[in-house]
Amino acid sequence: MNRLVIRGALVQVDPMRYSPAGVPIVEAVVHHQDSQLIAGQPRRIECELAVQASGSLAVQLARLTAGAQVMMEGALNRRSVNSRQLILILNRIEKE
């Protein structure tokens with residue numbers, strides 16, 4: 001199963017673009033920071049993750065601005081066929 005849920009602050013939201021089929025697409029970057037107990041020791045967790053939304057989720061994401069606190073859910077995929085970079089393809093966005 002490939003499912004990721006992440007909470008964080010939007011760092012950037014790119015302008016909306018359209019696929020060749022006319023589907024709206026928006027990419028953004030979310031910054032997550034947390035503290036987790038790893039092997040019995042507290043550890044600071046911090047990362048930035050590229051995300052992509054399409055269709056009605058793209059419209060919803062485009063309305064948000066940098067700094068907005070969000071919870072996002074989706075599946076990890078390669079950014080493109082020849083890329084090793086990961087991007088979170090969104091299935092759900094909630095502003096917190």
Side-chain donor-acceptor distances from residues 6-15 under 3.5 Å, at least two apart:
from	atom 1	to	atom 2	distance (Å)
Arg7	NE	Glu96	OE1	3.3
Arg7	NE	Glu96	OE2	2.5
Arg7	NH2	Glu96	OE2	3.2
Gln12	NE2	Asp14	OD1	2.9

With sequence neighbours left out, the residues meeting side-chain contact (heavy atoms from CB on, under 4.5 Å) with Ser83 are Arg79, Ser80, Gln85
Restricting to side-chain contact (heavy atoms from CB on, under 4.5 Å), what partner residues turn up for Ile38, sequence neighbours left out?
Gln36, Arg43
Show the atom names and distances, to 0.1 Å, of all donor-acceptor pairs under 3.5 Å that link a side chain in residues 56-77 to residues at least two apart or in another chain.
from	atom 1	to	atom 2	distance (Å)
Gln60	NE2	Ile93	O	3.0
Glu73	OE1	Arg92	NH1	3.1
Glu73	OE2	Arg3	NE	2.9

Test question: given the 4.5 Å side-chain rule for I, L, V, M, F, W and Y, name all other residues clustered with Val81, or answer none.
none
Other hydrophobic cluster members with Ile87, side-chain heavy atoms of Ile/Leu/Val/Met/Phe/Trp/Tyr under 4.5 Å, chained?
Ile89
Using atom types as modelled, flag every donor-acceptor pair under 3.5 Å from a side chain in residues 44-51 to any protein atom, sequence neighbours excluded.
from	atom 1	to	atom 2	distance (Å)
Arg44	NE	Glu46	OE1	3.3
Arg44	NH2	Gln33	OE1	3.3
Arg44	NH2	Glu46	OE1	3.3
Glu46	OE2	His31	NE2	2.8

Listing, residues 17-25 side-chain donor-acceptor contacts under 3.5 Å, not counting sequence neighbours, or none:
from	atom 1	to	atom 2	distance (Å)
Arg17	NH2	Glu27	OE2	3.3
Ser19	OG	Ala21	N	3.2
Ser19	OG	Gly22	N	3.4
Ser19	OG	Val23	N	3.1

